[in-house]
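Hydrogens, waters and symmetry mates play no part in the numbers below; they use all other heavy atoms, side chains included. We name chains A, B, ... by the order of the sequence lines, and we start the count at 1 in each one.
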Amino acid sequence: MQPDPYHVWLSEIMLQQTTVVTVGPYFEKFLNLWPTVHALAAASLDDVLTAWAGLGYYARARNLHKCAIAVSIEFGGQFPKDRDNLLSLPGVGPYTAAAISAIAFDKPEVVVDGNIERIVSRLYRITTPLPAAKKEITEFASKIMPRRRAGDYAQALMDIGATICTPRTPNCAACPVSRHCAAFAAGDMAQFPVKAPKKVKPTRRAVVFWLERSDGAVLLRRREEKGLLGGMMEFPSTDWGEETLSIEMAIMRLFPAHFQALAGQAAQKSLVRHTFTHFHLELQPVVTSLEAPDETILPGGQWVKPEEFGSYALPTLMNKVARAVAKG
DNA sequence: TATCCGTGGTA
DNA sequence: TTACCAAGGAT
């Protein structure tokens with residue numbers, strides 16, 4: 001009994017760089033909203049982003065939607081079974097293509113994720129740093145894999161990686177293959193896999209506006225489709241840069257036509273700190289109220305009442321801002 | 001090859 | 001508090 005390829009694909013996309021515990025509720029929600037790939041393909045991108053909100057790496061959600069449309073139209077709703085055709089799909093790379101082919105279709109593909117990289121690099125004590133070692137690791141992984149049940153094997157290996165052969169302090173006493181492990185023999189398991197040194201994250205800052213209308217609605221806008229938090233909703237803010245901006249300067253940048261109305265009554269809230277993959281961010285929330293014709297305020301702005309935020313594609317960062325405004 | 005792209009848990 | 005880490009992919 002092989003699993004539904006749609007389920008396998010959906011879970012593999014969600015599990016990219018994301019833990020099983022985090023993915024669980026999202027996977028259930030998506031299957032309830034869109035039980036088939038056709039249903040997902042028929043959904044709007046905005047609805048998909050809204051359901052994805054909080055999971056991060058939002059390009060995954062945009063590609064998920066694209067991929068559903070591709071499978072629905074170009075493949076008649078049937079996921080391709082072989083690695084190469086899977087690789088042509090948006091958001092499906094070497095790992096995911098091999099995983100879907102092996103798990104959903106029982107094909108003998110070499111599956112190499114971060115767990116398996118760690119296990120193999122320890123078994124053979126591979127000193128080449130990642131990501132350069134990827135090819136070498138894949139060759140070793142190919143040599144030790146069984147000829148049957150590649151999908152079960154891959155999942156078993158990933159489970160060992162997640163529970164026994166862990167990054168910091170592996171539980172080698174519980175490991176079924178420790179007697180074959182070169183790093184265990186040498187006693188330096190935690191040194192592997194060797195990775196290239198990381199860069200320090202710079203800090204960016206901005207002023208973010210909680211602009212409220214007399215009926216309680218707050219101003220939101222949509223970010224551009226590509227890049228950071230692409231396609232997600234946000235509270236309007238100044239550009240995220242290195243320098244600290246005064247409240248007055250921020251109002252001048254974003255709402256120059258309403259400087260007089262806003263400058264006097266702007267109230268600061270507690271600083272919101274958030275870390276992305278490659279930089280730290282400090283957002284200074286400012287609460288103000290304004291009554292003015294929409295077209296004079298902000299192009300593309302949208303008034304939304306806080307109790308409706310749940311049905312909007314707000315990333316975690318913006319929910320942090322909302323929390324900071326509600327508290328202090 | 002290097003950089004960009006989220007978030008929550010953990011030591 | 002900070003840094004590191006997770007079932008990667010796109011450019």
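- Applying the salt bridge (Lys or Arg N to Asp or Glu O under 4.0 Å) test to A:Arg223 and every residue at least two apart in sequence or in another chain returns A:Glu234.
- One atom, CD1 of A:Ile100, and another, C1' of C:dG8, lie 12 Å apart when rounded to the nearest Å.
- B:dT1 and C:dA6: their C1' atoms are spaced 23 Å apart (whole Å).
- Checked by atom type and distance alone, the side chain of A:Arg125 never pairs as donor or acceptor with a backbone atom of A:Ser121 at under 3.5 Å.
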What's touching nucleotides 2-4 of chain C from the protein side, N or O pairs under 3.5 Å?
{"residue": "C:dC4", "atom": "O2", "partner": "A:Arg168", "partner atom": "NH2", "Å": "3.4"}

Report task. Determine, stepwise, if the pair A:Glu291 / A:Ser214 fulfils side chain to side chain donor-acceptor pair (under 3.5 Å). Result -> CA-CA 7 Å; A:Glu291 229 34 70; A:Ser214 59; 3.1 Å; yes

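- Remark: of the listed residues A:Thr296, A:Thr288, A:Leu211, A:Ile251, A:Thr296 is the sole one forming a side-chain contact (heavy atoms from CB on, under 4.5 Å) with A:His258.
- A:Phe235 pairs with exactly one of A:Val321, A:Leu283, A:Leu219 by the side-chain contact (heavy atoms from CB on, under 4.5 Å) rule, that one being A:Val321.
- Regarding contacts with the backbone of C:dA6, a side-chain N or O of A:Arg118 is found under 4.0 angstrom from either OP1 or OP2.
- With both ends at atom P, the span from B:dG8 to C:dG9 equals 22 Å, rounded to whole Å.
- For residues 144-155 of chain A, proximity to DNA chain B is found at no residue, defined as any non-hydrogen atom under 4.0 angstrom from a strand atom.
- Of the possible polar contacts, one joining the A:Arg122 side chain to the A:Phe192 backbone as a donor-acceptor pair under 3.5 Å is found.
- In the hydrophobic cluster analysis, where Ile, Leu, Val, Met, Phe, Trp and Tyr join through side-chain heavy atoms closer than 4.5 angstrom, A:Val287 is grouped apart from A:Phe255.
- Counting distance only, with no hydrogens placed and no angle test, the side-chain atoms of A:Thr277 and the base atoms of B:dG6 include a donor-acceptor pair under 3.5 Å.
- Across all strands shown, A:Pro131 has no heavy atoms under 4.0 Å from either base or sugar-phosphate atoms.
- Distance, A:Asn319 CG to B:dT7 P: 9 Å, rounded to whole Å.
- With both ends at atom P, the span from C:dT1 to B:dG6 equals 24 Å, rounded to whole Å.
- Listed pair A:His274 / B:dT7 meets the phosphate criterion, a side-chain N or O lying under 4.0 Å from OP1 or OP2.
- Residues passing the side chain to side chain donor-acceptor pair (under 3.5 Å) test with A:Glu136 are A:Thr128, sequence neighbours excluded.
- Contacts between residues 230-242 of chain A and DNA chain C, defined by a heavy-atom separation under 4.0 Å, are absent.
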With a cut-off of 3.5 Å and sequence neighbours excluded, list every side-chain donor-acceptor pair involving residues 68-80 of chain A.
{"residue": "A:Ser72", "atom": "OG", "partner": "A:His38", "partner atom": "ND1", "Å": "2.7"}

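- A heavy-atom distance below 4.0 Å to DNA chain C is reached by these residues of residues 53-74 of chain A, ordered by number: A:Asn63.
- Two residues, A:Phe279 and A:Ala132, neighbour DNA chain B, and the one matched to the more 5' nucleotide by heavy-atom proximity is A:Ala132.
- For residues 163-184 of chain A, the set of pairs meeting the side chain to side chain donor-acceptor pair (under 3.5 Å) definition, not counting sequence neighbours, is empty.
- Heavy-atom distances under 4.0 Å link DNA chain B to A:Gln17, A:Thr18 of residues 13-31 of chain A, given in residue order.
- With respect to A:Glu243 and A:Arg205, no salt bridge is recorded, no charged nitrogen being found less than 4.0 Å from a carboxylate O.
- Residue contacts shown for A:Lys195 are limited to sugar-phosphate atoms, with no base heavy atom under 4.0 Å away.
- Residue-level contact check: A:Thr169 touches neither bases nor backbone, having no heavy atom under 4.0 Å from any strand.
- Taking side-chain N and O atoms only, A:His278 has a distance below 4.0 Å to OP1 or OP2 of B:dC5.
- Applying the side chain to side chain contact (heavy atoms under 4.5 Å, CB included) criterion to A:Ala217, with sequence neighbours excluded, gives A:Arg213, A:Asp215, A:Trp303, A:Lys305.
- Looking at residues two or more places apart in sequence or on another chain, you find no salt bridge (Lys or Arg N to Asp or Glu O under 4.0 Å) involving A:Asp47.
- The aromatic rings of A:Phe140 and A:Tyr124 sit parallel, their planes meeting at an angle under 30°, below the 60° perpendicular limit.
- Contacts of A:Phe276 classified as side chain to side chain contact (heavy atoms under 4.5 Å, CB included), with partners at least two apart in sequence or in another chain: A:Leu228, A:Leu229, A:Trp240, A:His274, A:Phe279, A:Leu281, A:Leu317.
- Taking atom CG of A:Asp113 as the reference point, atom C1' of C:dG8 lies 9 Å away to the nearest angstrom.
- Residues A:Arg222 and A:Asp46 are paired through a salt bridge, judged by an N-O separation under 4.0 Å between the basic side chain and the carboxylate.
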Report task. Using the side chain to side chain donor-acceptor pair (under 3.5 Å) rule, take A:Tyr95 and A:Gln16 through it: C-alpha gap first, then chi angles, then the decisive distance, then the call. Result -> CA-CA 9 Å; A:Tyr95 162 74; A:Gln16 290 169 5; over 6 Å; no

